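Just so we're clear, the structure is a prediction, and the values are computed from it rather than from any experiment. Each chain gets a letter, A, B and so on, in the order its sequence line appears, and its residues count up from 1.
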Amino acid sequence: MTDVSTPPSLRQLFTGFSRVGLSGFGGVLPWARRMLVEEERWLSAQEFNTLLGMCQFLPGPNVVNLAVCVGSRYHGGKGAWSAALGLMLGPFLIAMLLGLLYDLYGQLPQIQSVLRGVSLVGAGLLIATGWKMARNLKFPRITLPFTLLGFIGVAILRWPLPLVMLGLASLCIAWIYRTLQAQAARGETS
Amino acid sequence: MILLLELFLQFTLLALVAFGGASALLPEIHRVVVDQHHWINDATFMQLFAIAQAAPGPNVLIVSLVGWEIAGVPGAVVATLGMCLPMSLVISLMMPVWNRMEGKTWQQAVQFGVAPLAVGLVLSSGFLIGQSSQQGGSGIALVVLSTALARYTALHPLWLIALGGVCGGLGWV
């Protein structure tokens, strides 16, 4: 099928992901999808969903993981480095510049007030993101209580994350596994 | 040198539990760099988060900024690499296996089972950032307002960030 265009070169991987990194404010995932699926057509929509599924369930920064997946698919290790460096380099340099400015002027009360306003909005953006993610959860009657328990453990009780993840995630995965199996069994008998 | 090594190892460890990406990891980063190691204080952490929000790029840049604040450019490089490198290696090894397992029951169970905790972690991040930034009712009101705007309108996040900057600059929150 010609749904997907010719494989990108190393340079194209670098520039394509640079564009994604530099245009993404407040999360770059939508931009990554636009570049990969709609503009460059390196991936079909279906391939994008499969790769993203893996990158989102694995720990680590999701978009960096995605860049590594796409890059290594075409050019192995070199491709992975080109894509990930493309994604990170521009934003990293900008962040360093802002860090420098922060060290110079961050103590000014006006700057501190502006940054406090921005981080309050940032908190709102995070809560809205979590809210949207929650609406897409599969098996909500099983999974939503785990969301709540995770929140209580991490945000209220301030337990260490590895502990919370190990305990709750394994329990939740086991529960869903049993539910899926039960579903499959019912499907076979009917 | 010791500090750089420690930074690298610390962020490598953090990366291994970063289910849901860097936004979900904020409470744990805060716990490690502020409460445990006292590398930076609470107010600085909150302000670096604000800068990362206002800058373009992946959310993981908060890690670069924290590294920068602790040990300059080498610190930023080391922290970012610690965060990105280990899982990138695992992924390039795992990708072929994962594609072959597509559709298997246990694979679906893992995928569906980790997601609700990622949601809980992202919500925790928002809650903790809001908690350490607010200084009273108007701050809480701004968090609620921006949550609602981001959830129910298609407004570009940059507008909301600008709104926050203006409210802060005018001393309203």
Residues in residues 140-149 of chain A that sit under 4.5 Å from chain B, counting heavy atoms only
A:Thr143, A:Phe146, A:Thr147
For residues 168-177 of chain A, which side-chain N or O atoms pair as donor and acceptor with protein atoms under 3.5 Å away, sequence neighbours left out?
from     : atom 1 : to       : atom 2 : distance (Å)
A:Ser170 : OG     : A:Leu166 : O      : 2.5
A:Ser170 : OG     : A:Gly167 : O      : 3.1
A:Tyr177 : OH     : A:Gln181 : NE2    : 3.4

Within residues 4-16 of chain B, which residues come under 4.5 Å of chain A, heavy atom to heavy atom?
B:Ala15, B:Leu16
Proximal component of B:Phe49, with respect to chain A [non-hydrogen, under 4.5 Å]:
side chain
B:Glu28 versus chain A, the contacting section by heavy-atom distance below 4.5 Å:
side chain
Part of A:Ile152 within contact of chain B (heavy atom distance under 4.5 Å)
neither
Region of A:Val68 in contact with chain B, defined by heavy-atom distances below 4.5 Å
side chain
Which atoms of A:Ala80 approach chain B - backbone, side chain, both or neither, heavy atom under 4.5 Å:
neither
Which atoms of B:Val77 are under 4.5 Å from chain A, going by heavy atoms: the side chain, the backbone, both sets, or neither?
both
A:Ser72 and B:Ser92: CA distance, side-chain angles, deciding distance, side-chain hydrogen bond (donor to acceptor under 3.5 Å, both in side chains) verdict:
CA-CA 7 Å; A:Ser72 70; B:Ser92 28; 5.5 Å; no
With a 4.5 angstrom heavy-atom cut-off, could you sort out which part of B:Val60 is near chain A: side chain, backbone, both or neither?
side chain
Just by distance, do the side chain of B:Asn59 and the backbone of B:Ala52 share a donor-acceptor pair under 3.5 Å?
no
Can A:Val164 and A:Phe151 be said to form a side chain to side chain contact (heavy atoms under 4.5 Å, CB included), step by step?
CA-CA 10 Å; A:Val164 176; A:Phe151 178 82; over 6 Å; no
Sort B:Thr80 into side chain, backbone, both or neither according to what part of it lies under 4.5 angstrom from a heavy atom of chain A.
side chain
Donor-acceptor pairs are to be reported for all side-chain atoms of residues 122-131 of chain B against protein atoms at under 3.5 Å, with residues two or more places apart or in another chain.
from     : atom 1 : to       : atom 2 : distance (Å)
B:Ser124 : OG     : B:Gly120 : O      : 2.7
B:Ser125 : OG     : B:Ser23  : O      : 2.4
B:Ser125 : OG     : B:Leu121 : O      : 3.2
B:Gln131 : OE1    : A:Arg158 : NH2    : 3.2

Count I, L, V, M, F, W, Y as connected when their side-chain heavy atoms are under 4.5 Å apart, and connections chain through other members. Are B:Leu93 and B:Ile91 then in the same cluster?
no
Under 4.5 Å to a heavy atom of chain B? For A:Leu137 that would be side chain
Side chain, backbone, both or neither: which part of B:Leu149 has an atom under 4.5 Å from a heavy atom of chain A?
neither
Interface moiety of B:Leu155 toward chain A, non-hydrogen atoms closer than 4.5 Å:
neither
What part of A:Leu101 is in contact with chain B, defined as an atom under 4.5 angstrom from a non-hydrogen atom: side chain, backbone, both or neither?
neither
Please classify the contact of A:Asp103 with chain B as side chain, backbone, both or neither, using a heavy-atom distance under 4.5 Å.
side chain
Chain B contact via A:Phe92 - side chain, backbone, both or neither, heavy atoms under 4.5 Å:
both
Using non-hydrogen atoms and a 4.5 Å limit, figure out which bit of B:Gln107 sits close to chain A: side chain, backbone, both or neither.
neither
